[in-house]
Amino acid sequence: MSLTRGLYAITDSLLLADDRLLPYCEAVLKGGASLLQYRDKTRDQARRHDEALRLRELCERYGAQLIINDDVALALAVEAHGVHLGQTDGSLSEARARLPQGALLGATCHANLELAAAAEQAGADYLAFGRFFLSKTKPGAAAAPLSILHDAGQQSRLPKVAIGGVSLDNAASLLDAGADYLAVVNSLFAADNAAEVERRARAFVELIHS
Ligand SMILES: Cc1ncc(COP(=O)(O)OP(=O)(O)O)c(N)n1
Ligand SMILES: Cc1nc(C(=O)O)sc1CCOP(=O)(O)O
Ligand SMILES: [Mg+2]
């Protein structure tokens, strides 16, 4: 499946604790998210493997793609659809070489066009820029101007992912600036129940395709 535009939901271990991971992820997929990233910073390899496997099955049921954050080995072990790597997560070229053909490789580029060019050269399938707004999930993330989305579009034809504090209130500004995918944690998953997660996902998807 090739990348076009859509909602990119990212999991969070705190927001999705207490058995919320699977029902909330199913809700986000029912709402129309096309990419789901498993982002878990713990070292509990057995649980990570089990959760990633369940999420891969869930994504397949809904025609979405599971991306594993940081961990190429886990992505290979559960036959995920791809991996997302940041600037300190290892070599993109090596990850590209290890992944099967057709697997997605995403790269964090912050607000830096040189990082974006290097990621494309290394074989990335999408370029992630941010953070655009204050992020409750990652409060220390460095700010990026909206203009980086336009500038990246001048340099590359790869899909551009916008991340960091993305909400239903600011989504339109990111889309207008050139974002192809909106990557969202808190504004999707900080919800009281799965029905609310689905409603929010649907609202993002409608905005993206309007
Ligand atoms: C879609 C997307 N964009 C950016 C990031 C951030 O990656 P990274 O800089 O490696 O930070 P961590 O997420 O690993 O804390 C991402 N995960 N996904
Ligand atoms: C994981 C991550 N990376 C960022 C970056 O700027 O690279 S911002 C971020 C957190 C995104 O969560 P929320 O939607 O809750 O702000
Ligand atoms: Mg990372």
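Small disclaimer: the values here were computed from a predicted structure and weren't measured. All ligand and atom numbering here is 1-based and tracks the order in the structure. What's counted below: heavy atoms across the whole structure, side chains too, no hydrogens, waters or symmetry copies.
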Salt bridge present between [X] and [Y] (N-O < 4.0 angstrom):
X: Arg48; Y: Asp44; result: no
X: Arg98; Y: Glu94; result: no
X: Arg56; Y: Glu60; result: yes
X: Glu57; Y: Arg61; result: no

- Query: Between Tyr8 and Tyr126, what is the ring plane arrangement, given parallel below 30°, perpendicular above 60°, and tilted in between?
  - Reply: perpendicular
- Run the contact test for Gly165 against ligand 2 with a 4.0 Å cut-off on heavy atoms, strictly below, and give the result. yes
Using distance alone, determine whether [X] and ligand 1 share an N or O pair under 3.5 Å.
X: Tyr126; answer: no
X: His110; answer: no
X: Asp70; answer: yes

- Query: Using heavy atoms and a threshold below 4.0 Å, how should the contact between Thr88 and ligand 1 be classified: side chain, backbone, both, or neither?
  - Reply: neither
- Message: Tell me the contacting part of Gln87 for ligand 1: side chain, backbone, both, or neither, using a 4.0 Å heavy-atom threshold, strictly below.
- Response: neither
- For the Mg ion (ligand 3), find the closest N/O/S atom belonging to Asp70 and write down its atom name.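 Distance check against the Mg ion (ligand 3) picks out OD1 in Asp70.
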- Query: Of all the N, O or S atoms in Asp89, which one sits nearest to the Mg ion (ligand 3)?
  - Reply: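 This residue's closest N, O or S atom turns out to be OD2.
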- Message: What I'd like to find out is whether the side chain of Phe204 reaches to under 4.5 Å of the side chain of Ser187, using heavy atoms alone.
- Response: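 The answer is yes, as the side chains (C-beta and beyond) meet within the 4.5 Å cut-off.
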In ligand 2, which numbered atoms sit nearer than 4.0 Å to a non-hydrogen atom of [X]?
X: Asn186; answer: 13 (P), 14 (O), 15 (O)
X: Arg131; answer: 6 (O)
X: Arg39; answer: 1 (C)

- Distance-only donor-acceptor check, side chains Asp40 and Thr42, under 3.5 Å: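 Distance-only check passes for Asp40 and Thr42.
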- Ranked by distance from atom 15 (O) of ligand 2, the top protein heavy atom is Thr137 OG1, 2.4 Å
- Message: Heavy atom to atom 16 (O) of ligand 2, shortest distance: which of Ala143, Ser135, Pro139 holds it?
- Response: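 Nearest heavy atom to atom 16 (O) of ligand 2 lies in Ser135.
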- Query: Is Ser187 close to ligand 2, meaning an N/O of one under 3.5 Å from an N/O of the other?
  - Reply: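 Among all N and O atoms of Ser187, none is under 3.5 Å from an N or O of ligand 2.
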- Message: For ligand 2 and Lys136, I'd like to know whether there is a polar contact (N/O to N/O, distance under 3.5 Å).
- Response: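 In this structure, Lys136 places no N or O atom under 3.5 Å from an N or O of ligand 2.
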- Query: For ligand 1, which atoms have a heavy atom of Tyr8 less than 4.0 angstrom away?
  - Reply: 1 (C)
- Item | Exam field: side chain Tyr62 to backbone Ala33, donor-acceptor pair closer than 3.5 Å | no
- Message: Here's a test for you: under side chain to side chain contact (heavy atoms under 4.5 Å, CB included), which of Leu104, Leu55, Leu58 qualifies with Leu66?
- Response: Leu55
